[in-house]
S.K.: 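Starting off with a structure, shown below.
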Amino acid sequence: MKTLGLFAFQGLALALLGSAPAARAADYVDLRRIEPVQGDAAAGAEKAATLCFTCHGANGVSPVPLFPNLAGQHADYLYQELLRYKSGTLPESPMTALVQPLEDADLRNLAVHYAGLALDVPPPAAAAEPAILDRGGTLYRDGDPARGVPPCQGCHGADAKGHVLAASEASRDTQYRTYPLLYGQQAQYVATRLRDYRSGKLVHTSNDFIMRDVASRLDDASIDAIAAWLAALPAPR
Ligand code: HEC
Ligand code: HEC
């Protein structure tokens with residue numbers, strides 16, 4: 001009887017497995033098991049010098065607060081983002097048309113090139129109010145338990161330079177290099193992305209679901225405070 005029960009259970013589990021992943025596979029990209037990205041940084045630098053520098057800066061630090069810095073970002077994260085512009089799962093932007101003609105090898109090379117640049121970001125020209133920066137820093141470090149906001153540092157690093165497991169060589173940990181660095185990131189870009197997660201525009205990867213839940217708990221003032229604090233991080237103390 002017991003064995004029969006177990007078989008029946010396995011049969012049910014298999015039936016569920018048989019249908020569910022197939023249906024889900026089409027719905028979102030699972031980033032929990034991916035191959036580390038490899039590429040030719042010199043070839044990437046050459047492409048970047050003609051195609052990317054006007055918006056992302058010659059050294060990967062953007063001249064405009066709405067355009068993200070790319071310098072020192074994880075290659076695995078950058079590559080996944082580039083793939084997403086190509087497949088159209090990020091909101092339409094200047095990036096969408098730009099990456100269409102690029103080959104997969106170009107995307108890898110560009111990702112490796114930007115990842116290798118020094119994360120040498122200057123603080124923003126105009127600093128936010130101290131009270132706003134304080135609120136942003138508190139949310140980043142401690143979250144807001146009353147509203148279910150988790151501490152951002154748990155996944156983006158105490159210094160906002162990435163997940164603590166991102167440096168691990170173990171293949172199961174490659175996923176943590178798809179958790180982006182936020183240190184010194186452009187405020188307007190960060191705020192826009194957080195609102196994109198919150199409004200449900202980004203629901204195409206296993207990582208999107210993590211951030212969608214986080215952002216759904218943030219109000220506008222909190223989003224702007226965290227964005228201002230992250231952008232101001234490179235300021236001398
Ligand atoms: C005309 C301006 C422009 C050019 C040129 C441009 N980008 Fe972008 N890029 C943007 C903007 C704006 C965003 C921000 C988000 C959005 O609107 O999609 C962005 C976002 C990105 C992101 C996502 C970063 C993140 O943190 O998620 C990557 C990666 C990127 N660009 C790489 C490149 C590469 C590589 C090139 C050259 C092949 C390039 N960009 C050229 C404007 C540009
Ligand atoms: C449980 C882990 C986790 C927590 C906690 C978390 N994040 Fe994230 N975050 C991620 C992952 C994974 C991504 C990549 C999402 C993707 O690829 O769509 C991400 C992406 C982001 C991005 C997009 C960056 C870019 O360059 O486009 C921002 C901004 C961000 N998170 C801010 C925050 C803030 C602010 C908090 C705290 C309120 C937070 N995150 C908490 C895991 C987390």
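Fair warning: this is a prediction, and the values are worked out from it, not measured in the lab. We use all heavy atoms of the structure for the numbers below, so side chains are in, but hydrogens, waters and symmetry mates are not. Ligands are counted one by one from 1 in listed order, and the atoms in each one are counted from 1 as well.
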S.K.: So which protein heavy atom does atom 13 (C) of ligand 2 come closest to, and at what separation?
M.R.: P180 CD, 3.4 Å

S.K.: Between ligand 2 and D208, is the shortest N or O to N or O distance under 3.5 Å?
M.R.: yes

S.K.: Is R84 touching ligand 2 with its side chain, its backbone, both, or neither, if touching means heavy atoms under 4.0 Å apart?
M.R.: side chain

S.K.: Which residue and non-hydrogen atom of the protein lie closest to atom 22 (C) of ligand 2, and at what distance in Å?
M.R.: Y197 CE1, 3.9 Å

S.K.: Applying a 4.0 Å heavy-atom criterion (strictly less than), which segment of H56 is in contact with ligand 1: side chain, backbone, both, or neither?
M.R.: side chain

S.K.: Using the side-chain contact (heavy atoms from CB on, under 4.5 Å) rule, take L90 and E81 through it: C-alpha gap first, then chi angles, then the decisive distance, then the call.
M.R.: CA-CA 8 Å; L90 282 174; E81 290 290 278; 3.7 Å; yes

S.K.: Can we call the ring centroids of Y28 and F209 under 6.0 Å apart?
M.R.: yes

S.K.: Look at atom 20 (C) of ligand 1 and say which protein heavy atom is nearest, naming residue and atom and giving the distance to 0.1 Å.
M.R.: Y85 OH, 3.2 Å

S.K.: Any atoms of ligand 1 less than 4.0 Å from a non-hydrogen atom of L78? List them with their elements.
M.R.: 29 (C)

S.K.: Do you see a donor-acceptor pair shorter than 3.5 Å between the side chains of Y183 and N69?
M.R.: no

S.K.: Between R84 and L202, is a side-chain contact (heavy atoms from CB on, under 4.5 Å) present by the stated rule, with each step listed?
M.R.: CA-CA 11 Å; R84 296 187 59 174; L202 302 174; 4.0 Å; yes

S.K.: Please say yes or no: joined through hydrophobic side-chain contacts below 4.5 Å, possibly via intermediate residues, are Y179 and L181 part of one cluster?
M.R.: no

S.K.: When only distance counts, is Y189 in polar contact with ligand 2, meaning an N/O pair under 3.5 Å?
M.R.: yes

S.K.: Which is it for T192 and ligand 1 at heavy atoms under 4.0 Å: side chain, backbone, both or neither?
M.R.: neither

S.K.: For atom 31 (N) of ligand 2, what's the nearest protein heavy-atom neighbour? Residue, atom name and distance, please.
M.R.: H156 NE2, 2.9 Å

S.K.: Distance check, rounded to the nearest 0.5 Å: K161 atom NZ versus H156 atom NE2?
M.R.: 16.0 Å

S.K.: Of all the atoms in C55, is at least one N, O or S atom closer to atom 8 (Fe) of ligand 1 than 2.8 Å?
M.R.: no

S.K.: If you measure from each non-hydrogen atom of L202 to ligand 2, which part falls under 4.0 Å: side chain, backbone, both or neither?
M.R.: neither

S.K.: List every atom of ligand 1 that sits less than 4.0 Å from any heavy atom of C52, numbering the atoms from 1 in the order shown and giving each element.
M.R.: 34 (C), 35 (C), 36 (C), 37 (C), 38 (C), 39 (C), 41 (C)

S.K.: Please test R147 against D219 for side-chain contact (heavy atoms from CB on, under 4.5 Å), starting from the C-alpha separation and ending with a verdict.
M.R.: CA-CA 10 Å; R147 286 153 65 189; D219 58 18; 2.9 Å; yes

S.K.: Would you kindly specify which portion of P151 sits under 4.0 Å from ligand 2, judged on non-hydrogen atoms: side chain, backbone, both or neither?
M.R.: backbone

S.K.: Does any N or O in the side chain of D213 come within less than 3.5 Å of the main-chain N or O of I210, such that one atom is a donor and the other an acceptor?
M.R.: no

S.K.: Could you tell me the separation between the CD atom of Q73 and the CD atom of Q185, rounded to the nearest 0.5 Å?
M.R.: 7.0 Å

S.K.: How many angstroms lie between CZ in F53 and CG in N59, if you round to the nearest 0.5 Å?
M.R.: 12.0 Å

S.K.: Please report which non-hydrogen protein atom sits nearest to atom 2 (C) of ligand 2, along with the residue it belongs to and the distance in Å to one decimal place.
M.R.: C155 SG, 1.8 Å

S.K.: Students should be able to answer this: which protein heavy-atom is nearest to atom 28 (C) of ligand 2, and at what distance?
M.R.: L182 CD2, 3.8 Å

S.K.: At what distance is the nearest protein heavy atom to atom 19 (C) of ligand 2, and which residue and atom is it?
M.R.: M211 CG, 3.1 Å

S.K.: Would you please determine whether L98 falls within less than 4.0 Å of ligand 1 on a heavy-atom basis?
M.R.: yes

S.K.: Could you tell me the separation between the NE2 atom of H204 and the OG1 atom of T89, rounded to the nearest 0.5 Å?
M.R.: 5.5 Å

S.K.: Which residue holds the protein heavy atom closest to atom 38 (C) of ligand 2, what is that atom called, and what is the gap in Å?
M.R.: C152 SG, 2.7 Å

S.K.: Please list, in number order, the atoms of ligand 1 under 4.0 Å from a heavy atom of F67.
M.R.: 12 (C)

S.K.: Below 4.0 Å from ligand 2: does a non-hydrogen atom of L139 turn up there or not?
M.R.: no

S.K.: For ligand 1, which atoms, with element, lie under 4.0 Å from some heavy atom of S93?
M.R.: 16 (C), 17 (O), 18 (O)

S.K.: Are any of the heavy atoms in P68 under 4.0 Å away from ligand 1?
M.R.: yes

S.K.: Check each atom of ligand 1 against the heavy atoms of P94 and keep those under 4.0 Å away; list them by number with element.
M.R.: 1 (C)

S.K.: Starting at CZ of F67, measure out to OH of Y189 and round the result to the nearest 0.5 Å.
M.R.: 12.0 Å

S.K.: Any side-chain donor paired with an acceptor under 3.5 Å for Y197 and R212?
M.R.: no

S.K.: With a heavy-atom distance limit of 4.0 Å, tell me whether V99 approaches ligand 1 through its side chain, its backbone, both, or neither.
M.R.: neither

S.K.: Taking R177 for the side chain and D76 for the main chain, is one N or O donor matched with an acceptor at less than 3.5 Å?
M.R.: no

S.K.: Under the side-chain contact (heavy atoms from CB on, under 4.5 Å) rule, what do R195 and I223 come out as? Steps first, then yes or no, please.
M.R.: CA-CA 8 Å; R195 291 189 172 94; I223 286 181; 3.9 Å; yes

S.K.: Angle between ring planes, Y176 versus H163, binned at 30° and 60°: parallel, tilted or perpendicular?
M.R.: parallel

S.K.: List every atom of ligand 2 that sits less than 4.0 Å from any heavy atom of L194, numbering the atoms from 1 in the order shown and giving each element.
M.R.: 32 (C)

S.K.: Tell me which protein heavy atom sits closest to atom 17 (O) of ligand 2, plus the residue, atom name and distance to 0.1 Å.
M.R.: N207 CB, 3.6 Å

S.K.: Do ligand 2 and Y77 have nitrogen or oxygen atoms that lie under 3.5 Å from each other?
M.R.: yes

S.K.: What atoms in ligand 2 come closer than 4.0 Å to a heavy atom of T178?
M.R.: 14 (C)

S.K.: Which atoms of ligand 1 are found less than 4.0 Å from any heavy atom of L51?
M.R.: 5 (C), 37 (C), 38 (C), 41 (C)

S.K.: Tell me whether M95 has at least one N, O or S atom under 2.8 Å from atom 8 (Fe) of ligand 1.
M.R.: yes

S.K.: For D208, is there an ion pair with K201 - N to carboxylate O distance below 4.0 angstrom?
M.R.: no

S.K.: Decide whether the shortest distance between a heavy atom of L181 and an atom of ligand 2 is less than 4.0 Å.
M.R.: no

S.K.: Report, in ascending order of atom number, the atoms of ligand 1 lying under 4.0 Å from any heavy atom of E81.
M.R.: 25 (C), 27 (O)

S.K.: Just checking: Y179, one of its N/O/S atoms, less than 2.8 Å away from atom 8 (Fe) of ligand 2, yes or no?
M.R.: no

S.K.: Taking everything shown except K86 itself, do over 12 heavy atoms lie less than 6.0 Å from its NZ?
M.R.: yes

S.K.: How long is the straight-line distance from OG of S222 back to CG of D224, given to the nearest 0.5 Å?
M.R.: 9.0 Å

S.K.: Against heavy atoms of V190, which atoms of ligand 2 measure under 4.0 Å?
M.R.: 29 (C)

S.K.: Please check if the number of heavy atoms outside E169 that lie under 6.0 Å from its CD is greater than 12.
M.R.: no

S.K.: Which of the atoms of ligand 2 are close to I210, meaning less than 4.0 Å from one of its heavy atoms?
M.R.: 1 (C), 2 (C), 3 (C), 42 (C), 43 (C)

